[in-house]
Colleague: 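Mind looking over this structure? Questions follow.
Note: hydrogens, waters and symmetry copies are ignored here, and every other heavy atom, side chains too, is used. For reference, positions follow the sequence shown, starting with 1.
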Amino acid sequence: MRKLVIAVSAALFAAGTAEASHNRGSVLIPSVDAQGNLTIEATSFWRTSFVDAVNSVTITGPNGFFTALSMGPDTVNTSDTRFTRVDETASTSISNGGAGLYTISWASCCRAGGIPNAGDQNMGTTSTIFWDGSSSTKPIQFDIQNIQPNVVRGQAYSDNLDVTSPDGANLSYNDNYVPVGILYQAPGFTISNSGQIMIPGTDTAGYADNPQPANPGADMAFYGQIIAKEGGDEIASVQFDWLFDAVAQGSNQVPDVGDVVINAQVGDFIDTNIIGTDPNGDPVTLSFLSFNGPGGPVAGGMFSPGMPMAGSPTTGNFQWDSTGFAPGTYIATILGSDGGLTDQGTITINLGTTPPPGTVPLPAGFLLMASALGGFGLMRRRQKK
């Protein structure tokens, strides 16, 4: 089926507005069920002293479809002293529009001030999703806070977007589109075909502190686009933008929560550890954020956060019985905090009825042994410097 491309005019941005001069970034994640109910998951970041929200988005589609969707209710997270995170979810029917590509946008004024490549500019992001008129689809799953905003001046930066596709679409990334209100990309910023963000130390050395006291950690804007394709056809895209917090070498550093990747089969009992460390030796408190699978939130996952102790890693334990669940990718997200700065780690479970090509399935006994060994052989630590 030929995909329909919808042009987005500048006037479309006026409908989804918020009174703001304190936005620090946002992303919109779309999905559609078989009945044509389009769901938007919006995440936005704000100055801690003045918190707002996306509030509304505009949706355009085939056959003249157009609507403004009010978002909410708001879920506010203040675990990081540098910013406040706001999550909103809302749904609307697009069944009258029929099959085709739908474009979801929001924009407003203005970003947090003092950012060299975006200060006091407008902000906003756009996402798209193709609906075939009869099937459910969630091409992109992405938690923007999996990107660690902390950048140490003069040191190379590396982190992964940790994007998955519940529908099994092919993912690619774009870091050179023109976003709303950002004047130019963060110097040295690139995204690889695997979703890895890289910035050379020669570029991070030039990331200066924001001169405005009200905007700590709002030092350099960055942006990217996630693209999902099936058979060469684009079926969804998600734009995102956020801010790097540039810090001096030797200053207090963010904790690090390692990522865990498990290949398992339906019916396996998952029992694995995730570890939080802190380069300054601060105790790391781990907490469970979410557990999502191909159909959305997943029940039955149990997380024991472990005991934080100064100078020692904190080991949290995650357990889940996969019996009766559909094959696909399941992701548990864990937050680590040193009391002011945070990092997110993920437990990614690739659940199948047959082993993935080139891998050996992990029997339940091995998973239990791996748990006892701190996730030996299962952990993939992101490179954060």
Side-chain angles (χ1 to χ4, degrees), residues 7-28 42-48 50 52 54 57-58 82-83 85 103-128 142 144-145 147-154 156-157 159 161 173-192 197-227 237-247:
V8 183
S9 69
L12 191 142
F13 288 115
T17 60
E19 297 296 331
S21 58
H22 39 273
N23 176 263
R24 300 169 66 107
S26 62
V27 66
L28 307 173
T43 297
S44 55
F45 299 93
W46 305 90
R47 182 192 299 169
T48 56
F50 199 147
D52 208 323
V54 169
V57 298
T58 56
R82 297 167 294 182
F83 52 80
R85 170 176 172 159
T103 300
I104 308 102
S105 300
W106 90 287
S108 185
C109 179
C110 299
R111 296 182 185 275
I115 307 166
N117 61 338
D120 294 324
Q121 302 293 314
N122 290 347
M123 73 274 190
T125 56
T126 296
S127 297
T128 63
F142 172 52
I144 187 173
Q145 202 172 331
I147 304 172
Q148 175 52 248
N150 192 75
V151 170
V152 180
R153 294 188 191 91
Y157 173 96
D159 199 6
L161 296 176
Y173 307 93
N174 177 19
D175 55 22
N176 60 8
Y177 75 95
V178 180
V180 176
I182 298 182
L183 305 178
Y184 55 90
Q185 180 64 279
F189 180 98
T190 59
I191 307 175
S192 74
I197 301 172
M198 303 288 290
I199 310 173
T202 51
D203 290 295
T204 65
Y207 291 12
D209 278 330
N210 192 313
Q212 297 189 7
N215 297 316
D219 299 330
M220 185 67 71
F222 67 91
Y223 54 87
Q225 185 180 41
I226 306 162
I227 300 168
S237 65
V238 167
Q239 296 177 0
F240 63 88
D241 66 84
W242 201 18
L243 298 173
F244 284 125
D245 175 19
V247 300

Colleague: Okay, side chain of Asp219, backbone of Tyr207: is any donor-acceptor separation there less than 3.5 Å?
Modeller: no
Colleague: Distance check, rounded to the nearest 0.5 Å: Met198 atom CE versus Thr190 atom OG1?
Modeller: 6.5 Å
Colleague: Considering residues at least two apart in sequence or located in another chain, which fulfil the side-chain hydrogen bond (donor to acceptor under 3.5 Å, both in side chains) criterion with Ser192?
Modeller: Ser194
Colleague: Quick one: pull up CG in Asp120 and CD in Gln212 and give me the separation to the nearest 0.5 Å.
Modeller: 6.5 Å
Colleague: May I ask you to decide if the ring planes of Phe189 and Phe244 are parallel, tilted or perpendicular, using 30° and 60° as cut-offs?
Modeller: tilted
Colleague: Using the salt bridge (charged side-chain N to carboxylate O under 4.0 Å, His left out) criterion, which residues pair with Asp241? Sequence neighbours excluded.
Modeller: Arg111
Colleague: Holding to side-chain hydrogen bond (donor to acceptor under 3.5 Å, both in side chains), I want the full list of residues that pass it with Asp209, two or more places apart in sequence or in another chain.
Modeller: Arg153
Colleague: Taking the side chain as every heavy atom from C-beta outward, state whether Tyr173 and Leu161 have any atom pair closer than 4.5 Å.
Modeller: yes
Colleague: Any chance you could measure Ile182, atom CD1, to Met220, atom CE, to the nearest 0.5 Å?
Modeller: 11.0 Å
Colleague: Are any side-chain N or O atoms of Ser127 and backbone N or O atoms of Leu28, one a donor and one an acceptor, separated by less than 3.5 Å?
Modeller: yes
Colleague: Testing the 3.5 Å rule here: is there a donor-acceptor pair between the side chains of Ser237 and Thr128?
Modeller: yes
Colleague: What closest approach, in Å, do Asn23 and Met123 show between heavy atoms, and which atom pair accounts for it?
Modeller: OD1-CG, 3.4 Å
Colleague: Which distance, rounded to the nearest 0.5 Å, do you find between the CZ of Phe83 and the NE2 of His22?
Modeller: 15.5 Å
Colleague: Without swapping roles, check the side chain of Tyr223 against the backbone of Thr125 for a donor-acceptor pair under 3.5 Å.
Modeller: no
Colleague: Using every non-hydrogen atom in the two residues, find where Arg24 and Leu243 come nearest and quote the distance to one decimal.
Modeller: O-CG, 3.4 Å
Colleague: Measure the CZ-CG distance between Arg47 and Asp52 for me, rounded to the nearest 0.5 Å.
Modeller: 11.5 Å
Colleague: What class does the angle between the rings of Phe222 and Phe240 fall in, given that below 30° is parallel, 30 to 60° is tilted and above 60° is perpendicular?
Modeller: perpendicular
Colleague: Provide the closest heavy-atom pair for Ala221 versus Ala186 in the form atom of the first, atom of the second, distance.
Modeller: O-CB, 3.3 Å
Colleague: Do you know the tightest heavy-atom contact between Ile144 and Phe142?
Modeller: CA-CZ, 3.5 Å
Colleague: Among all residues two or more places apart in sequence or in another chain, which pass the salt bridge (charged side-chain N to carboxylate O under 4.0 Å, His left out) test with Asp245?
Modeller: Arg82
Colleague: Tell me the closest heavy-atom pair linking Thr204 and Gly201, and the distance in Å.
Modeller: OG1-O, 3.2 Å
Colleague: With sequence neighbours excluded, tell me which residues meet side-chain hydrogen bond (donor to acceptor under 3.5 Å, both in side chains) with Ser26.
Modeller: Trp106
Colleague: Specify the closest pair of heavy atoms between Gly124 and Val180, including all atoms of both residues, with the distance to one decimal.
Modeller: O-CB, 3.7 Å
Colleague: Let's go through Asn210 and Ile115 carefully: what are the C-alpha distance in whole Å and the side-chain angles of both, what is the deciding distance for side-chain contact (heavy atoms from CB on, under 4.5 Å) to 0.1 Å, and is it a yes or a no?
Modeller: CA-CA 6 Å; Asn210 192 313; Ile115 307 166; 4.0 Å; yes
Colleague: Write out all pairs satisfying side-chain hydrogen bond (donor to acceptor under 3.5 Å, both in side chains) with one or both partners inside residues 174-184, taking only residues at least two apart or from two chains.
Modeller: Asn174-Gln225
Colleague: Hey, could you give me the CD1/CD1 distance between Ile197 and Ile147, rounded to the nearest 0.5 Å?
Modeller: 4.5 Å
